[in-house]
Structure formats: structure tokens, C-alpha cells
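Step one of this worksheet: look at the structure below.
Model, not experiment: these values are computed from the prediction. A note on names: the letters A, B, ... follow the listed sequences, proteins ahead of strands, and every chain is numbered from 1.
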Number of protein chains: 2
Amino acid sequence: MALENPPGSAFLLAAVGSHAAARFAERVADLDLTPPQVGLLGLIAASPGQSQQAVAQLLGMPPSRLVGLVDALADRGLVERRRNRTDRRLHALHITDEGTEMLARVGKVGREHDAALCRSLDAAERETLRALLSRIAADQGLRPGIHPGYRGV
Amino acid sequence: MALENPPGSAFLLAAVGSHAAARFAERVADLDLTPPQVGLLGLIAASPGQSQQAVAQLLGMPPSRLVGLVDALADRGLVERRRNRTDRRLHALHITDEGTEMLARVGKVGREHDAALCRSLDAAERETLRALLSRIAADQGLRPGIHPGYRGV
DNA sequence: TATTGTTATACTCTATAACTATA
DNA sequence: TATAGTTATAGAGTATAACAATA
């Protein structure tokens, strides 16, 4: 009870989505990762070799912010910067073998998270939910796989 | 393309929910309100006369944080603190007439927001989405009408 | 002069803890 | 001494702008 009875879909979406993001953050914290780091790791794996500028643009964040995120992943050997030989200003981002292993663990955590969040729905209902959310996401211009808050995966 | 193909419901929920929260924040900014202020205003309207401690507990935030939120609403005459006569330490929170008017405007904004977010779904689909989200919210222990991030309405 | 990545700075939001006034 | 509310302080997280290296 707050603004409306019953609450609209948008409020429910924001509330459940916030809850989902918080629970996911807890899970990946066990891997010593933050949601933005997970998002970056996944993007580098999916589109390797891109410059920090390009990745920052894809994630919708200023390049300066990417520096710290890449540093954290590179310090742990999960990604690496490779200098472009013809233009030494560019740092191409690549995932390492350790990074790939970590991403597999993240995937497992994500599936567990998904199962826990949707445990009250049966298989058909989960598929219905996913289809409806995908429609909204596409209509609202959200890029597949990219979290608009960059804090979630 | 990031972690999974296709993305799980949890990721979609977090992404679409974050988008919904951001768009709502933009809309209420036109009323010079932040989402936490809206959530507090709605709670005071729904449960008037409670102490700041009680409201803070309901919203899941420390009482110290409530001070600034109440100040902002009280300075604009939307809510008021009424001192308890028998125990002068207590400040009962009440909404004013201006606050009630403002809440009506917030409700209108919320319905517009809802319509814009779900414009790609027909009426039956919206109802299906709302039912599925309500089930998840109840199962996950979310209190109806209370945003777990306190930033949303 | 323009661009990539980096660093410096400042701002916002939040929580924890110290403080006051009442009891 | 205990509690409600407040204030002070500090810590994340973020964006903007200045900077160094390279083109």
C-alpha cells in the first residue's frame, strides 16, 4: 500500500527488479565480483579486442570509469589490455583463460539466481514472463544483455 | 549478448526494472520529487501518525536517513511533524492537504509511466505480467507497495 | 591539433556513530 | 539509563574536467 491499489506493472517491475539485482550482487560477491565488473567481463568475452572507448560507449559509461573496472579485472588476471602496434594509444581488451573460467562460474551463479527468483513459477509461466519482459525491453530500446544501470548484469 | 543466450528472467527483470525506475525518476523530477521522497510521501499517506522510527523501519532505512527526507517534504508543506504531547520525543508524521494533492499528481504521472512502459502489451498481457510479478514479489518476501531499494516508488 | 587512456577533483547518496532532548 | 530524533563524519560510487602520450 503506497500509491496505488493494486500497484501498476511499472512499480512491480522496479521493485522486483531491484530485489533481483540486490540478490545477484550478493551471489557474485562470493566470487569477489561486483555487478558492473560482471557486466564488463561478459561484454569483453562477447566482443573481444575492442578499445576502452568503444566498450565504454557500449556500456553507456564515461571512459574514465572504465579504467578502474578494467584495472580490477586485469589485476586478477581475468582480462588483459593489448596495445595496438599501429596506434599505440589504443588498448584492445581481451578475456584470459582465467576470465573465461570465472565467467563460467558466474553463469552457474546466474542460473541458480534465476531458479531461486522464479521458484514460484512453473516452466510455462517462466517462459511467458521472459517473453513479456523481452517485448518490453525491445520496445523500450534496451540493448540485449546490457544492463541500463551498469550495476547489474 | 553478455552472459547467456537467451538471458534469464532474472537478468531481464533487473534490466527492465532499472529502466523503469530511471524513467519514473525522470517523470517525478518534473514535480521536484525524488523516488525516495515519493515512497515516503505515499507511506505517510497510507499510514499516518507513525513515528519516524516506525516509518524508517517500514522502509528499511536508518532513522537518520529519514530526517533529510522528511525535512525536504516538510519544507514544502507536503507533510508535517506533530509532537506527541505525552512523550515529546516522538514526532508523528502526517500528510497535509498540499501533500495529498501532490500525491494525486504523482499517481497521474505513475499511470502515464505505466502506460508508456507497457505500451507494447495488450490489456490481457499486462494483467498476466502483473500477476506473475506479484507472485514473485510475494514469494520473495517483498512488502506490497514498498520498494526494496527505497529509491523507487 | 585531435584522440586514447589516465588521473584529479568534486559531487551525491548512504550508513555509522556521536550528540541532544526528553523520558 | 534508555529512547527519539538529529547532526557529524566518513565511505562508496559516480561524473566532469584536466592531463600525458601518441597520432
Side-chain angles (χ1 to χ4, degrees), chain A residues 18 21-22 24-26 28-29 32-40 43-44 49-75 79-94 147-153, chain B residues 18 21-22 24-26 28-29 32-40 43-44 47 49-75 79-94 146-153:
Chain A
S18 173
F24 182 76
E26 287 175 356
V28 294
D32 277 310
L33 288 174
T34 65
Q37 287 171 359
V38 171
L40 174 58
L43 182 57
I44 293 174
Q50 303 214 66
S51 71
Q52 295 187 189
Q53 294 273 346
V55 170
Q57 172 132 15
L58 279 173
L59 291 174
M61 65 177 62
S64 62
R65 185 177 163 195
L66 207 63
V67 176
L69 291 175
V70 172
D71 282 349
L73 296 180
D75 289 349
V79 304
E80 60 184 17
R81 293 175 167 101
R82 294 191 200 153
R83 259 200 140 123
N84 187 313
R85 286 173 196 166
T86 67
D87 186 342
R88 295 173 43 77
R89 291 174 304 183
L90 289 152
H91 286 180
L93 299 177
H94 290 271
H147 192 295
Y150 333 114
R151 35 182 72 140
V153 134
Chain B
S18 173
F24 182 76
E26 288 175 357
V28 294
D32 277 311
L33 289 173
T34 65
Q37 287 170 0
V38 172
L40 174 59
L43 182 57
I44 293 174
S47 306
Q50 304 215 66
S51 70
Q52 295 187 190
Q53 294 272 348
V55 171
Q57 172 132 14
L58 279 173
L59 291 175
M61 65 176 63
S64 62
R65 185 176 165 196
L66 207 63
V67 176
L69 291 174
V70 172
D71 282 349
L73 297 180
D75 289 349
V79 304
E80 60 184 17
R81 294 174 166 102
R82 293 192 200 151
R83 264 203 136 117
N84 188 311
R85 286 171 197 168
T86 68
D87 186 341
R88 294 173 43 76
R89 291 173 304 182
L90 289 152
H91 287 180
L93 299 176
H94 290 270
I146 296 189
H147 193 296
Y150 336 115
R151 33 181 73 141
V153 121

Rounded to the nearest 0.5 angstrom, the CG-CD distance for B:L93 and B:Q50 is 8.5 Å
Nucleotide N/O to protein N/O under 3.5 Å, stretch nucleotides 20-23 of chain D:
| residue | atom | partner | partner atom | Å |
| --- | --- | --- | --- | --- |
| D:dA23 | OP1 | A:R88 | N | 2.7 |

Separation of D:dG5 atom C1' from B:E80 atom CD, nearest Å, is 17 Å
Distance col, row B:Q52:CD vs B:R89:CZ, nearest 0.5 angstrom, shows 13.5 Å
To the nearest angstrom, the CG-P distance between B:L59 and C:dT14 comes to 12 Å
Separation of D:dA4 atom C1' from B:L93 atom CG, nearest Å, is 12 Å
Looking only at C:dT6, D:dT6, D:dA4, the nucleotide nearest the B:Q53 side chain is D:dA4
B:Q37 CD to C:dC13 C1', in whole Å, measures 13 Å
- request: Please confirm whether the backbone N or O of B:A54 pairs with a side-chain atom of B:Q57, one donor and one acceptor, at under 3.5 Å?
  value: no
Among D:dT7, D:dG5, C:dG5, the one nearest any side-chain atom of B:S64 is D:dT7
Distance col, row A:D75:CG vs A:D71:CG, nearest 0.5 angstrom, shows 6.0 Å
Nearest heavy-atom approach of B:A74 to B:R81 is CB-NH1, 4.4 Å
Distance col, row B:L69:CG vs B:M61:CE, nearest 0.5 angstrom, shows 5.5 Å
Considering only heavy side-chain atoms of A:S51, the closest of C:dG5, C:dT16, D:dA15 is C:dG5
B:H91 NE2 to D:dT7 P, in whole Å, measures 11 Å
Separation of C:dT4 atom P from A:M61 atom CE, nearest Å, is 18 Å
Note: contacts of residues 66-75 of chain B with DNA chain D (heavy atom, under 4.0 Å) are B:V67
Rounded to whole Å, CG of B:L90 lies from C1' of C:dA23 at a distance of 10 Å
To the nearest angstrom, the NE2-P distance between A:H147 and D:dG13 comes to 16 Å
Minimal heavy-atom distance between A:A25 and A:P35, with the atoms involved, is CB-CG, 3.7 Å
Taking five pairs at each terminus, the helix from C:dT1-D:dA23 to C:dA23-D:dT1 shows an axis bend, to 10°, of 30°
So do A:L59 and A:L66 actually touch side chain to side chain, heavy atoms under 4.5 Å?
-> yes
What one should report as the nearest heavy-atom pair of B:L73 and B:Q37 is CD1-O, 3.9 Å
Donor-acceptor pair, A:R83 side chain versus A:R88 backbone, under 3.5 Å? yes
Output, in order, the C-alpha distance, side-chain angles, deciding distance and verdict of side chain to side chain contact (heavy atoms under 4.5 Å, CB included) for B:H91 and B:R82.
CA-CA 5 Å; B:H91 287 180; B:R82 293 192 200 151; over 6 Å; no
Closest of C:dA15, C:dT6, D:dG5 to the B:R65 side chain is C:dA15
